[in-house]
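Presented below is the structure to which this report refers.
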Amino acid sequence: MATMRASDDSGSAMMRHDETAVVTARARPGNGRRTGSTRVWLVSWAQVGPLALVLLLMFVLPAFLFVVVSFFDYDRIGVYPAFMLENYREVLTSSATLRVYLSSFKFAAIVWAITLLLGFNIAYFLIFHVRSATLRTVFFILCALPFFTSAIIRTIAWIPFLGRNGAFNQFIMGTGLTSQPLDFLLFSDFSVVVAYVHLYTLLMIGPIANSLSKIDKSVIEAAWDAGASRWQIMSNVVIPLSKTGIALGSVLVTTQVMGDFFVVRQMSGGQSASIVSALSNEIQSMQYPPAAANAVLLVIIVALMVACMMRIVDVRKELLK
Amino acid sequence: MAIEPVRSNPIDSRPWTFYVLGALFFAFLAFLYGPMFVIYVLSFQGPEGGVTFPMVGVSLEWFRDIARKGQMANIPPAFGRSMALAALVSMLTVFMSVAGAMAFRRRFPGAGLIFYVVIASLVMPSLLVGFGIGLSFQFLGLQPSLFTSALGAQLTWTLPFGLLAMFAVINRFNRAWEEAATDLGATPFQRLRYVTLPILLPGILGVAISAFTLSYDEYARTTLTIGSHNTLPLEIYALISSATSPTLFAIGTLTTLVSLGLIVLAVTFVWQMDRQRHARRGNEVEAPGDA
């Protein structure tokens, strides 16, 4: 499909005058290189410039700065330029680091599995089973609405629901299923996972639904006509064709969990810490260099995770297709 | 080998999976809305009631408590700051991500690098972005504030989001409209103004609303970059540990109403526009936006 469009473009572009060719080239992918003029590049740069500049000033340079600071020396009063690896040695040898990372990996893995399962099935339902376009839009909005409200409020909303005297315990005791309130519901690993799933499942649904909606229905019909079973269609057609969405959703969910500093702190009742909440304690006590070393470690690990998931699919190519 | 009966097409039939997935979907909606519904109900708790059920009467006591002087004194000004910042973030995000997405429709040198910076900015743990900006301001001897450091910190979150959303919007855009405009002699500006932007408008509005609420509810990036005057989420965050009254729920109900109000406004607007377009198309046959 993409190649067809490209060849079509080159045909029509050649027929026009030079000036129009430049104009049409701007509207299409793949033509910039051939018409090759700096003018086209300049337009692109002007368009992407403001965004790139903000990210350079507010993301790239600050990130670079905390890499630099991670090598600095410090005491109770201030931070001193130096080049020492002491901060890293401390971070990498402390058992607290290992513990907090293991706990975060555990949550990331559990939440990833649950949100993927939920997200894929819900996206599949919305795209393939809901036939009315209006109804589909309504369902999508229903899924997305909570995402537009405060994450803090959505997290603490679980407290009156899951607590000892909470709505859920009152309900199941009312039905006579148990006589004792269930204690593990709140301020436990369970409640942390529940809150994460509540917050982040939409990040899975969105990209996967986007991928699924691009699948040509006739491909599925062809597989069906060729005698494939439902499961074969699922595993050989639908899932491979939705892997961009799966990869993007996975990246979003796992990085959100790895970078969380609120949910674990609030929902575990102080029993476990997240990487970032440990780090924010260091920032609060003005220990910038060790905090920066911790930050660099976390960024490297998150980047490796993302790189692994991006290796599976070329997200950029897929997104811009 | 028995001849299989004519199999019903998987897209046209309703297999058992339809009912299973349908049930899953509605269970998910219950999961999504259940706990939030609990805090909305509890925010109308009677004056004698606590933070859990049962309801001891029904009152607006906890909403009044927000406006009262005292512990909640910071809430109204923080709300104002959050709204102002969110409006600015939303405008800048729309402008930059629409323009940026247009640029990415063609190849240009540096496109790959910028794309990966955008992804990095999206997946970078939020607090670390704020930490980096906070450190930078400290090293440069600048005071962090609402419209400098906090604005920048939030843009590192809304811009990648806006750009990726615009990619999805532009992917669905049929380039034939633009080609038709060019063939009819439109200048690049006319084509953008009368063809491309009107068609993309619902998507652009979606980005605007998303950016607004992402900013309005943001706390992890803002907390280290805000300086001395907190935004609403930071005030709420500070209240969680100290306040054990339904006031917190009342604030939650109110902020949810603000977000919902915006979305309803946007959906109505898009719907109205769609209707107008259809009405116009019914009356006259002409190129879209050829007014």
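Contacts of B:Ile133 with chain A are made by both backbone and side-chain atoms, with heavy-atom separations under 4.5 Å. For A:Leu142, the parts lying under 4.5 angstrom from a heavy atom of chain B are both the backbone and the side chain. Within the 4.5 angstrom heavy-atom criterion, atoms from both the backbone and the side chain of B:Leu135 approach chain A. Contacts of B:Ile114 with chain A are made by side-chain atoms alone, with heavy-atom separations under 4.5 Å and no backbone atom involved. Only the side chain of B:Leu42 comes within less than 4.5 Å of a heavy atom of chain A; its backbone N, CA, C and O stay farther away. Within the 4.5 angstrom heavy-atom criterion, atoms from both the backbone and the side chain of B:Ala120 approach chain A. For chain A, the nearby part of B:Phe95 is the side chain; its heavy atoms alone come within less than 4.5 Å. For a residue to count as touching a neighbouring chain, one of its non-hydrogen atoms must lie under 4.5 Å from one of that chain's; by this rule B:Trp157 touches chain A with the side chain only. Contacts between B:Leu224 and chain A at a heavy-atom distance below 4.5 Å involve the side chain alone, from C-beta outward. In this structure, the portion of B:Leu163 lying under 4.5 Å from any heavy atom of chain A is its side chain and not its backbone. Both the backbone and the side chain of B:Ser210 come within contact range of chain A, each with at least one heavy atom under 4.5 Å from a heavy atom of that chain. In this structure, the portions of B:Val118 lying under 4.5 Å from any heavy atom of chain A include both its backbone and its side chain. For B:Met124, the part lying under 4.5 angstrom from a heavy atom of chain A is the side chain only. Within the 4.5 angstrom heavy-atom criterion, no atom of B:Leu151 approaches chain A. Only the side chain of B:Phe161 comes within less than 4.5 Å of a heavy atom of chain A; its backbone N, CA, C and O stay farther away.
Residues A:Phe139 and B:Phe26 place their aromatic rings such that the two centres sit under 6.0 Å apart.
Relative orientation of the A:Phe72 and B:Phe139 rings is tilted, given thresholds of 30° and 60° on the angle between their planes.
Put simply, the residue from A:Ile152, A:Ile159, A:Ile156 that forms a side chain to side chain contact (heavy atoms under 4.5 Å, CB included) with B:Leu248 is A:Ile156.
The shortest side-chain heavy-atom distance between A:Trp45 and B:Pro109 falls under the 4.5 Å cut-off. Between A:His129 and B:Phe25, the closest side-chain pair of non-hydrogen atoms is not below 4.5 Å. Looking at A:Phe261 and B:Tyr219, their side chains come closer than 4.5 Å, going by heavy atoms from C-beta outward. Side chains of B:Arg106 and A:Gln47 form a contact here, defined as non-hydrogen atoms less than 4.5 Å apart. Counting heavy atoms from C-beta outward, A:Val40 and B:Phe108 have side chains that stay 4.5 Å or more apart. The side-chain heavy atoms of A:Asn121 and B:Phe28, taken from C-beta on, include no pair separated by under 4.5 Å. B:Leu21 is not listed as a side-chain neighbour of A:Phe128, based on a closest heavy-atom distance of 4.5 Å or more. Contact annotation: the side chain of B:Val123 never approaches that of A:Thr254 to less than 4.5 Å [non-hydrogen atoms, C-beta and beyond].
The two residues A:Val54 and B:Met96 make their nearest non-hydrogen contact at CG2-CE, 3.6 Å. When all heavy atoms of A:Leu298 and B:Pro125 are compared, the closest pair comes out as CD2-CG, 3.6 Å. Smallest separation of non-hydrogen atoms from B:Phe249 and A:Pro160: CZ-CG, 3.8 Å. Minimum interatomic distance between A:Phe147 and B:Leu214 (heavy atoms only, all atoms of both residues): CE2-CD2, 4.3 Å.
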Could you walk me through whether B:Leu32 and A:Arg154 pass the side chain to side chain contact (heavy atoms under 4.5 Å, CB included) test, one step at a time? CA-CA 9 Å; B:Leu32 212 51; A:Arg154 289 177 67 197; 4.0 Å; yes

Any chance you could lay out the side chain to side chain contact (heavy atoms under 4.5 Å, CB included) test for A:Lys214 and B:Asn171, step after step, and finish with the verdict? CA-CA 10 Å; A:Lys214 285 184 193 157; B:Asn171 264 335; 3.7 Å; yes

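Not counting sequence neighbours, B:Ser121 has no partner by the side-chain hydrogen bond (donor to acceptor under 3.5 Å, both in side chains) test.
For A:Phe171, the CZ atom sits in a loose shell: 12 or fewer heavy atoms of surrounding residues, nucleotides or ligands are nearer than 6.0 Å.
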